[in-house]
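Report on the following structure.
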2 protein chains.
Amino acid sequence: MITIKKIAELANVSTATVSKVLNGKDQYISEETRKRILDIVEKEGYIPNGIAKSLKIKKTKTIGLIIPDVMNPFFAEIARGAEDAAEEKGYTIVICNSDNRFSKEEKYLSILQEKMVDGVIMTATESNTSQTIERCNIPIVLVDRDLQMDKPIGRITVNNEEGTFMATSYLIGKGCKNICFISSKIVNKLSKERLQGYKKALEENGFPVDENKIYLESFNVETGYKGVNELLKKGHMDGICCGNDLIAIGAIRALKEKGLKVPDEVKVIGFDDISISKYVEPPLTTIRQPIYEIGRESVNMLLSIIEKGKTKMHKVLTVTLVERGSS
Amino acid sequence: MITIKKIAELANVSTATVSKVLNGKDQYISEETRKRILDIVEKEGYIPNGIAKSLKIKKTKTIGLIIPDVMNPFFAEIARGAEDAAEEKGYTIVICNSDNRFSKEEKYLSILQEKMVDGVIMTATESNTSQTIERCNIPIVLVDRDLQMDKPIGRITVNNEEGTFMATSYLIGKGCKNICFISSKIVNKLSKERLQGYKKALEENGFPVDENKIYLESFNVETGYKGVNELLKKGHMDGICCGNDLIAIGAIRALKEKGLKVPDEVKVIGFDDISISKYVEPPLTTIRQPIYEIGRESVNMLLSIIEKGKTKMHKVLTVTLVERGSS
DNA sequence: ATGAAAGCGCTAACAG
DNA sequence: CTGTTAGCGCTTTCAT
């Protein structure tokens, strides 16, 4: 391996001088030696050892990203937004899949700290993660899910309650009388808010909240599919407000198998607007979150904490209803 | 920040001793001091500085992963498989999106080398990337796309030609007489092979290869959509062999808009079997690649190069036809 | 069973 | 304009 020392010898200068030209701190370096050094660097194919540099300057220019699963289109988009913003700022992303499990969140948080990442962006699943986060001494920004923290951290959220409220109200406006709700049973703020918005819309419009019309499992396609089948056993439905698009896709699939027409007989509305939603059949009407932007904003917020010393930031992005074919 | 030196002082031992117990090299350490050190480490919440360790041992336990785009479900699955396998082996993944652009591939390769990653897994887009790879002095394994290299590297491929050959033959077997082909126009082995398989199946069954039935653009939904519209202007079709599932999804969408029934009037077959393919309507018949396994295998191969000094490995995984509703 | 000391490759005061 | 030098926090050989 060729080091800065070797370059210094070849150029007949000290390592300090080489370091200076390599880092652009060369106001006081003669043009001649500067060029000589650069030529040698080029000729020898010298690659700086970032690890050594990081040890010295105590910055790794890397960010940890802990999400439940990159295979979930929602988180893949968050990851892409984050990586794009990071790349623009000269940072790199270490990706970690937690599968919504506390043990993995904890493990990764610890690994990332050992790797001396400059900060982490995470979707914290369980509330006991909050203790782990409190103990963590690197900047953190929470995305998608929200947690109450003593420690100042960054948070990016969306008005979930408003989203499902809009969704359910929309269904009511379309004439639905029996609206079901299929979502996740994870006990966190996000799930609670989405359920709340659904109930609130029902109540404000004079409809009863019927627990037999609610199916709670996970934020995935299978849940939508199973949910419809279970709810159908319990009664009639003409509208479904889904906790996310994946659930809506599974629900539509089950509905079709039962011979129920979407949106004619049952109207379905999703949440998130993941990129494939416009391509399913019928195209999904959904509550849109600016997913990619959330990813970008998460690193921008993190960097303003890291580089500008900001703290306790909180940004709420707005959701909008996008009308397509499923309701 | 609390360091090993501090722990040593508190425990009244040398840093060497602390290091030994921390790394399990404590055969010769008395049980008593071992316990004392561990207690202090625990109590102080000591976190080892992985950067310092890496500088010393010249291993970072991290792997770079360069793919075109994590938002593409195919690469998201590769990423997930890779991360899972890496996690099991104590490695971490740095993710890089190249957008199929040489400049980004080159840039990331250089950044990853500076970060001293132990190896990189990449989907190399352009053939001029091969020169950059030759110059790179860390272990590399190529996935999905294949490149001819002098330097010994790892490669994981799939029999693409066989895949589209099977797909097209299947369509012919179903009675299609006018089979179109929609795929990517990237000039690489993979694209060439997939086109080749299609042509070969046509020829072997006595059908002419008609350039007016071929539309080449990108491996995405838009291409499928536009492809169908363009090809429809040029003539009749009753079957489409698609370069990947995303294209198939776009094609089906366009077909429906034109009022053409899938699979009754036009049969469509995809390639990859990305996870959403079974949920589209109709569920996609496709040539399945073991995507998740490819991701896993890529890190396993990389690690056997890194840790066991293997070289020039090449693994070809098999594709299989999965029959669903679209043809 | 434990410690002293060298050194990984780099940066940044400070000196000259 | 350039060099000397002291570390960053850790591992590891070699002594003891």
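Computed from a predicted model, the values in this text were never measured in an experiment. Just so we're on the same page: letters track the sequence lines, and every chain starts at 1.
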Residues from residues 44-53 of chain A sitting under 4.0 Å of DNA chain C, heavy atoms only? A:Tyr46, A:Pro48, A:Asn49, A:Ala52, A:Lys53
Is A:Glu87 salt-bridged to B:Lys107, going by a charged N under 4.0 Å from an acidic O? yes
Side-chain atoms of A:Lys20 come closest, of D:dG9, D:dT2, C:dT2, to D:dT2
Over its full length, what angle do the end axes of the helix from C:dA1-D:dT16 to C:dG16-D:dC1 make, each axis taken from five pairs and the result rounded to 10 degrees? 40°
Atom-pair distance (CD on A:Gln27; P on D:dT2), nearest Å: 13 Å
Is any side-chain N of the basic residue among A:Arg296 and A:Glu88 closer than 4.0 Å to the acidic one's carboxylate O? yes
Rounded to whole Å, CD of A:Gln113 lies from P of D:dG9 at a distance of 16 Å
In whole Å, what is the span from the NZ atom of A:Lys5 to the C1' atom of C:dG7? 10 Å
Counting side-chain heavy atoms from CB outward, which of D:dC10, D:dG3, C:dA5 is closest to B:Thr15? C:dA5
Which part of the nucleic acid, if any, lies within reach of A:Ser54 when heavy atoms closer than 4.0 Å are counted: base, sugar-phosphate only, or nothing? nothing
d(CD1, A:Ile4; C1', D:dT2) in whole Å: 14 Å
Can any side-chain N or O of A:Lys61 pair as donor or acceptor with the backbone N or O of A:Gly90 at less than 3.5 Å? no
Quick one: does any side-chain atom of A:Gln289 pair with a main-chain N or O of A:Val158 as donor and acceptor, under 3.5 Å? no
I need the NZ-P distance between A:Lys58 and D:dG7, as an integer number of Å. 13 Å
Could you give the NZ-to-P distance, from B:Lys56 to D:dG7, as a whole number of Å? 18 Å
Which one, D:dG3, D:dT5, D:dT13, comes nearest to the side chain of A:Ser14? D:dG3
Using whole Å, what does the distance between atom P of nucleotide D:dG9 and atom CD of B:Glu9 come to? 12 Å
Quick check for you: among D:dT11, C:dG9, D:dC10, whose closest atom lies nearest to any side-chain atom of A:Thr3? C:dG9
To the nearest angstrom, the CD-C1' distance between A:Glu31 and D:dC1 comes to 13 Å
B:Glu105 and B:Thr125: side chain donor to acceptor below 3.5 Å: yes
Under a 4.0 Å N-O cut-off, is there an ion pair linking A:Glu9 with A:Lys6? no
Counting side-chain heavy atoms from C-beta on, which of C:dT2, D:dT11, D:dT2 comes nearest to B:Ser30? C:dT2
When all nucleic acid strands are considered with a 4.0 Å heavy-atom cut-off, which category describes B:Asp26: base, sugar-phosphate, or nothing? nothing
Which heavy-atom pair separates B:Ala8 from B:Thr15 by the least distance, and what is that distance? CB-N, 3.7 Å
Would you find more than 12 non-hydrogen atoms of other residues, nucleotides or ligands less than 6.0 Å from A:Lys5 atom NZ? no
Going by heavy atoms in the side chains, are B:Leu302 and B:Tyr91 under 4.5 Å from each other? no
Looking at D:dG9, C:dA4, C:dT11, which one has an atom nearest to any side-chain atom of B:Ala16? C:dA4
Between A:Glu31 and A:Arg34, does any NZ, NE, NH1 or NH2 come within less than 4.0 Å of an OD or OE carboxylate oxygen? yes
For the base of C:dG9, is there a side-chain donor-acceptor partner from A:Lys6 under 3.5 Å away? no
From the options C:dG9, C:dT11, D:dT12, select the nucleotide whose nearest atom is closest to the side chain of A:Leu55. C:dG9
